[in-house]
Amino acid sequence: MIDLKLLQKDFDGTAKALMRKKVTLEVIEQLKVKNEALKVAKRAFEEAQAAQNEMSKLFGVYKREGKDIAELKAKVDTNKEKLVGLVETQREAEEALNTLVMGVPNIADADVPDGADEEENIELRKVLTPPTFSFDAKEHWELAEKNNWIDFEKGVKLAKSRFCVVQGMGARVERALINFMLDFNRERGFNEVSVPSIVNRTSLEGTGQLPKFEDDLFKIDGEELFLIPTAEVPITNLFQDEILTASELPIKLSGYTSCFRKEAGSGGRDIRGMIRQHQFHKVELVSITTPEQSEKVFEEMVSCASDLLTALELPHRVVQLCTGDLGFSAATTIDLEVWLPGQNTYREISSISNTREFQARRAKIRYKNGKKNELVHTLNGSSLAVGRTMVAIMENFQNEDGSINIPKVLEPYIK
RNA sequence: GGGUCUUUGGCAGAGUUGGUCGAAUGCACUGGUCUUGAAAACCAGCGAGGGUUAUACCUCCCAGGGUUCGAAUCCCUGAGGGCCCGCCA
């Protein structure tokens, strides 16, 4: 949630910043109007309430002194009637503002480049050189089936399209990857947590998936519960509505979960293979920091994920997202894109974001800075998406005969 | 799923004959005295959100309703937790 005070203090500057994230001027003006309307409604209510409270207190005094309360009661009753209307007005104003502001995305950092979409993202650097093959590189689904790593039909049989079954050496590599990543992250100071894969509405509102993106989520029928689209949700919300002490920050966590996404808007994209599944595994990094710490920790998270790819000998590039490609909650995002020889292109395998205080304000995560309570910064990033890492391994480590080598670092994990 | 008890500030824990309770006390925390420094001891401050230049003032004792001039305190509904029973990996 953005800081509404910014609109009061510097309307033009804030409006300009919001428009970089495609918020219309109309919405921004409505924010201001509704915010002011709420203030007026609140003041009116509070004045009447104060009078009410004062008169109620008099009852006690009168009773003790044995005075007649008839006149006072009449006054109170009149005021009470007035109060009912004022409460309603205030409630409506509150709701109007709230529905509006919950749908407004975070402001991008000033140094995030302008741009309409992913075409205008900026490549910061490349790490490792893509391999050259003396044969035509195959795509991962072909390799997966040839080596019996993945059975795509079985996934459809069990559930529906965009589900698959991983088996044999594929399943062992998958498990090895998860363990390797968690160990790697722990060495970098990210402590391991294991969290629920189902969360409530409050948690999803806290991290920004709700109310706007309900269509992307799997909802449990008859309950206000949802399958998580990313471990960012449960891990960040671990601290929801808490006041942390400065000395315990930064908190750096790493967790492995399955993730569930409806992929409602993705049409027929990546229908083949395991690039875009309804259920996939991911190891996630989440950090809770003071505002001063967040830059540094952000860099640590980017390095952590990038070094992981390097350790796995996977060529990749580091990309700074432009405003048009930034997510709802993000103030800045770095994507890591891994090289896929079969597709002859780089594909996203990790996305690391700093949401600044956007999620903290929604989820009420604060820390005690001296005497004052201040909002923390929350950061999240994929350590790596496991499925896409599998894809990358298959395509980069393929041999001419279609067999697949295993990255050296995984060997201790595959006994 | 049935029954029963319970839900208070960072934590623990008073408060349940409705008014002077946003709330005792202890711990933690912050500042100070003392000390070479620290600990201990002592003194002071210390729930959260909104509002104000600052006060005032408003809201919040799990959530939502209700009774009342007035509710942490009474009633209803729901959610979380404990225990007992049933069921089941």
Side-chain angles (χ1 to χ4, degrees), chain A residues 1-9 31-32 34-98 100-102 194-206 210-211 219-226 234 237-251 288 290 357-376:
Chain A
M1 190 160 89
I2 62 155
D3 185 1
L4 286 171
K5 282 184 189 154
L6 289 175
L7 279 172
Q8 269 176 272
K9 272 188 257 173
L31 272 179
K32 187 180 155 84
K34 295 213 158 100
N35 191 26
E36 276 160 12
L38 175 60
K39 282 184 140 185
V40 170
K42 254 190 160 167
R43 192 159 48 234
F45 160 75
E46 285 179 6
E47 276 168 19
Q49 184 63 256
Q52 185 79 1
N53 288 344
E54 198 170 330
M55 286 189 279
S56 288
K57 270 183 195 158
L58 277 180
F59 266 87
V61 179
Y62 278 29
K63 229 170 140 187
R64 232 184 347 263
E65 295 174 355
K67 284 190 188 165
D68 180 39
I69 58 167
E71 194 186 332
L72 182 61
K73 172 119 167 62
K75 267 168 80 179
V76 159
D77 286 345
T78 320
N79 192 57
K80 205 179 171 187
E81 268 174 53
K82 195 171 116 193
L83 214 46
V84 173
L86 291 173
V87 169
E88 186 54 22
T89 312
Q90 190 199 326
R91 205 191 55 76
E92 280 166 14
E94 224 158 34
E95 205 179 295
L97 178 64
N98 198 40
L100 194 64
V101 76
M102 286 297 273
S194 178
V195 292
S197 298
I198 294 179
V199 294
N200 57 31
R201 190 171 282 277
T202 308
S203 294
L204 286 155
E205 284 171 350
L210 288 181
K219 185 165 190 276
I220 310 282
D221 190 31
E223 312 238 18
E224 282 301 283
L225 295 170
F226 301 81
N237 278 288
L238 244 22
F239 308 98
Q240 182 224 110
D241 202 24
E242 296 203 353
I243 301 174
L244 305 163
T245 60
S247 59
E248 63 188 311
L249 300 176
I251 295 169
I288 312 288
T290 66
E357 29 175 83
F358 186 82
Q359 291 180 328
R361 183 172 288 107
R362 288 176 162 241
K364 301 191 189 70
I365 310 175
R366 301 89 95 205
Y367 77 104
K368 209 163 256 307
N369 184 14
K371 287 207 160 191
K372 285 203 298 198
N373 296 324
E374 284 173 10
L375 295 167
V376 299

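Below, chain A is the first sequence line, B the second, and so on; all start at residue 1.
Taking atom C1' on both nucleotides, B/C75 is separated from B/C83 by 26 Å, rounded to a whole Å. When the P atom is used for both B/U30 and B/A40, the distance is 12 Å, rounded to whole Å. Separating the P atom of B/A79 from that of B/G64 is a span of 15 Å, rounded to the nearest Å. Distance check on atom C1': B/G13 versus B/G26 gives 8 Å, rounded to whole Å.
Listed pair A/Asn79 / B/C69 fails the phosphate criterion, with no side-chain N or O lying under 4.0 Å from OP1 or OP2. At least one side-chain nitrogen or oxygen of A/Gln49 sits closer than 4.0 Å to the OP1 or OP2 atom of B/U59. Regarding contacts with the backbone of B/U59, a side-chain N or O of A/Asn53 is found under 4.0 angstrom from either OP1 or OP2.
We find the NZ-CD distance between A/Lys368 and A/Glu374 to be 10.5 Å, quoted to the nearest 0.5 Å.
Here the side chain of A/Arg362 pairs a donor or acceptor atom with the backbone of A/Met102 at under 3.5 angstrom. Put simply, the side chain of A/Asn79 gets close to the backbone of A/Ala48: a donor and an acceptor are under 3.5 Å apart.
No option in A/Val376, A/Leu238, A/Leu244 other than A/Leu244 meets the side-chain contact (heavy atoms from CB on, under 4.5 Å) test with A/Ile251.
Taking for each of A/Gln8 and A/Ala51 the nucleotide of RNA chain B with the nearest heavy atom, the 5'-most of the two is the partner of A/Gln8. Summary of the strand contacts: A/Lys80 and A/Lys5 both lie near RNA chain B, and taking for each the nucleotide with the nearest heavy atom, the more 5' one is attributed to A/Lys5.
Using the Watson-Crick or G-U wobble rule with both distances under 3.5 Å, B/C60 pairs with B/G47. The base-pairing partner of B/U20, taking Watson-Crick or G-U wobble contacts with both distances under 3.5 Å, does not exist among the strands shown. With a 3.5 Å ceiling on both atom-pair distances, the Watson-Crick or G-U wobble partner of B/G1 is B/C85. Base pairing of B/U25 is made with B/A12, judged by Watson-Crick or G-U wobble geometry with both donor-acceptor distances under 3.5 Å. Across all strands shown, B/U7 is found opposite B/A79 as a Watson-Crick or G-U wobble partner, with both distances under 3.5 Å. Pairing of B/A71, defined by two Watson-Crick or G-U wobble distances under 3.5 Å, is not identified with any nucleotide.
When each of B/C69, B/C58, B/G51 is scored by its nearest atom to the side-chain atoms of A/Phe59, the top-ranked nucleotide is B/C69. The A/Ser56 side chain lies nearest to B/G70 when the options are B/U59, B/G70, B/G50. The listed nucleotides are B/G50, B/A48, B/G51; the one nearest the side chain of A/Lys42 is B/G50. With B/C69, B/G10, B/C57 as the candidates, the nucleotide lying closest to the side chain of A/Ala50 is B/C57.
At a threshold of 4.0 angstrom between heavy atoms, the contacts of A/Glu242 with the nucleic acid are absent. Backbone-only engagement by A/Arg366 is indicated by non-hydrogen atom pairs under 4.0 Å involving sugar-phosphate atoms exclusively. Residue A/Lys364 is classed as having no contact, given no heavy-atom separation below 4.0 Å to the nucleic acid.
Judged purely by distance below 3.5 Å, without hydrogens or angles, the side chains of A/Asn200 and A/Ser203 pair a donor atom with an acceptor atom.
With sequence neighbours excluded, the residues that form a side-chain contact (heavy atoms from CB on, under 4.5 Å) with A/Glu95 are A/Arg91.
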